[in-house]
2 protein chains.
Amino acid sequence: MWDPYVKDCPTRALLDRIGDKWTVLVVGTLAGGPLRFSEIARRVDGVSQKMLTQTLRALEADGLVVRTQYPQIPPRVEYELTAVGHTLRDPLRALEEWAKEYMPQVLEHREAVAVR
Amino acid sequence: MWDPYVKDCPTRALLDRIGDKWTVLVVGTLAGGPLRFSEIARRVDGVSQKMLTQTLRALEADGLVVRTQYPQIPPRVEYELTAVGHTLRDPLRALEEWAKEYMPQVLEHREAVAVR
DNA sequence: CGGCATCCTCGTTGATACTG
DNA sequence: CAGTATCAACGAGGATGCCG
């Protein structure tokens, strides 16, 4: 009844893609609309310039984010979710809501077991 | 309007938890009902004994999976999602459906960009 | 401002062998 | 069958410095 998780299934590909430390957070941050590089960095607490650049480049390569550079000095670059990028928001939001609802008790259980 | 992703928000904790290589796949596999260790290993293609054990232990510690050992020889151990574990299925399924729907074009876009 | 290049460390994962 | 133990490899990620 349940498909086995074979090596090349799309679920695995997605996990490889969003399983890193920053991708989901960046997508969530961009959900509200286009933002500048520095603004994303400010909202995603703790991300380094390197990792933010790397994450955004990868999202761009996958067609989930578009990068717009304005020819100004100082430079101004904005990032925005594409149409496909926006469709990813719903499942990610479901994950976030689950996290808010259940993570506290999960962490509590983890602690309780660890003490023993 | 959008919450910044501060370091200790539940979303990050969840990502740390399910962002590894096997957790989501194991939870998905157990969604259909209790399974023996070897059966899970068979359905999750490529997982090593070590990683499967490690993943299951962590899920157990977090109260998402229960482990039942039957005193037999040879040993028989079954794993099953807890009530909380089952609540995680919906958001994960949403992710899987997105993957089936959109990952092909994401990968295609990635390829198309890479060639340039 | 928005990067890129480099170095380095640590944690996750994998391979292999052994066990109750 | 269902693990445990050990070792080795790899790569994500962080720190730092420089640049158009």
Side-chain angles (χ1 to χ4, degrees), chain A residues 5-8 11-27 29-30 34-62 65-80 110 114, chain B residues 5-8 11-27 29-30 34-62 65-80 110 113:
Chain A
Y5 286 103
V6 290
K7 289 191 177 179
D8 64 343
T11 300
R12 290 222 194 176
L14 176 61
L15 289 172
D16 282 350
R17 186 63 195 73
I18 69 170
D20 70 318
K21 199 167 174 181
W22 305 110
T23 296
V24 170
L25 303 177
V26 169
V27 171
T29 300
L30 287 175
L35 289 176
R36 301 183 62 161
F37 185 90
S38 52
E39 184 60 25
I40 305 172
R42 198 169 306 120
R43 300 199 193 188
V44 180
D45 190 26
V47 67
S48 65
Q49 282 195 333
K50 174 191 167 184
M51 290 316 298
L52 183 52
T53 300
Q54 190 173 304
T55 302
L56 287 167
R57 288 289 183 276
L59 285 170
E60 195 189 358
D62 286 358
V65 157
V66 280
R67 178 179 186 272
T68 311
Q69 187 168 190
Y70 299 91
Q72 305 175 354
I73 292 180
R76 171 200 175 95
V77 181
E78 281 195 348
Y79 293 91
E80 184 176 10
R110 190 183 301 177
Chain B
Y5 286 104
V6 291
K7 290 192 176 178
D8 64 343
T11 300
R12 290 223 196 175
L14 176 62
L15 288 172
D16 282 350
R17 186 62 195 73
I18 69 171
D20 69 321
K21 200 166 172 180
W22 304 110
T23 295
V24 170
L25 303 176
V26 168
V27 170
T29 300
L30 287 175
L35 288 176
R36 301 183 60 163
F37 185 90
S38 52
E39 184 59 26
I40 304 173
R42 198 168 306 122
R43 301 199 192 189
V44 180
D45 189 27
V47 68
S48 66
Q49 283 193 334
K50 175 190 165 185
M51 289 315 299
L52 183 53
T53 300
Q54 192 171 304
T55 302
L56 287 167
R57 289 287 184 277
L59 285 169
E60 196 189 357
D62 285 358
V65 157
V66 279
R67 178 179 185 271
T68 310
Q69 187 167 193
Y70 299 90
Q72 306 174 354
I73 293 180
R76 173 199 174 94
V77 180
E78 281 195 348
Y79 293 89
E80 185 177 9
R110 192 183 301 179
V113 172

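Everything quoted here is computed from the prediction, not taken from an experiment. We name chains A, B, ... by the order of the sequence lines, and we start the count at 1 in each one.
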Residue list, side-chain hydrogen bond (donor to acceptor under 3.5 Å, both in side chains) with [X], at least two apart or on another chain:
X	answer
R110(B)	D62(A)
R57(B)	Y79(B)
E39(A)	R42(A), R43(A)

Answer yes or no: does a side-chain N or O of [X] lie under 4.0 Å from OP1 or OP2 of [N]?
X	N	result
T53(B)	dG3(D)	no
S38(B)	dA2(D)	yes
Y79(B)	dC1(D)	no
R76(A)	dG2(C)	no

message = So, taking the atom named CZ in R36(B) and the one named OG1 in T68(B), what distance separates them when rounded to the nearest 0.5 Å?
response =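 Spacing of CZ (R36(B)) from OG1 (T68(B)) equals 12.5 Å.
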Please give, in whole Å, the distance from [N] [atom2] to [X] [atom1]?
X	N	atom1	atom2	value
D16(A)	dT12(C)	CG	C1'	14 Å
E78(A)	dG2(C)	CD	C1'	13 Å
L15(A)	dT12(C)	CG	P	17 Å
R36(A)	dG3(C)	CZ	P	10 Å
L25(B)	dT13(C)	CG	P	11 Å
Q69(B)	dC1(D)	CD	C1'	11 Å
R57(A)	dG2(C)	CZ	C1'	9 Å
R67(A)	dC1(C)	CZ	C1'	11 Å

Within the structure shown, what part of the strands sits under 4.0 Å from Y70(A) by heavy-atom distance: base, sugar-phosphate, or nothing?
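If one applies the 4.0 Å heavy-atom cut-off, Y70(A) turns out to touch nothing in the nucleic acid.
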* Sorted by first residue and then second, give each salt bridge (Lys or Arg N to Asp or Glu O under 4.0 Å) pair with at least one member in residues 65-80 of chain A; sequence neighbours left out. =>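 Of all non-adjacent pairs touching residues 65-80 of chain A, those that pass salt bridge (Lys or Arg N to Asp or Glu O under 4.0 Å) are R76(A)-E78(A).
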message = What verdict does the side-chain contact (heavy atoms from CB on, under 4.5 Å) test give for L25(A) and T55(A), after you've listed the backbone C-alpha separation in whole Å, the side-chain angles of each residue and the deciding distance to 0.1 Å?
response = CA-CA 10 Å; L25(A) 303 177; T55(A) 302; over 6 Å; no
Compile the donor-acceptor pairs under 3.5 Å between side chains in residues 46-53 of chain A and protein atoms, sequence neighbours left out, one pair per line.
unit_1, atom_1, unit_2, atom_2, d
S48(A), OG, M51(A), N, 3.2
T53(A), OG1, Q49(A), O, 2.9

Expected string for nucleotides 13-20 of chain D under the B/S/- scheme (protein heavy atoms, under 4.0 Å, primed atoms plus P, OP1, OP2 as sugar-phosphate) is BBB----B
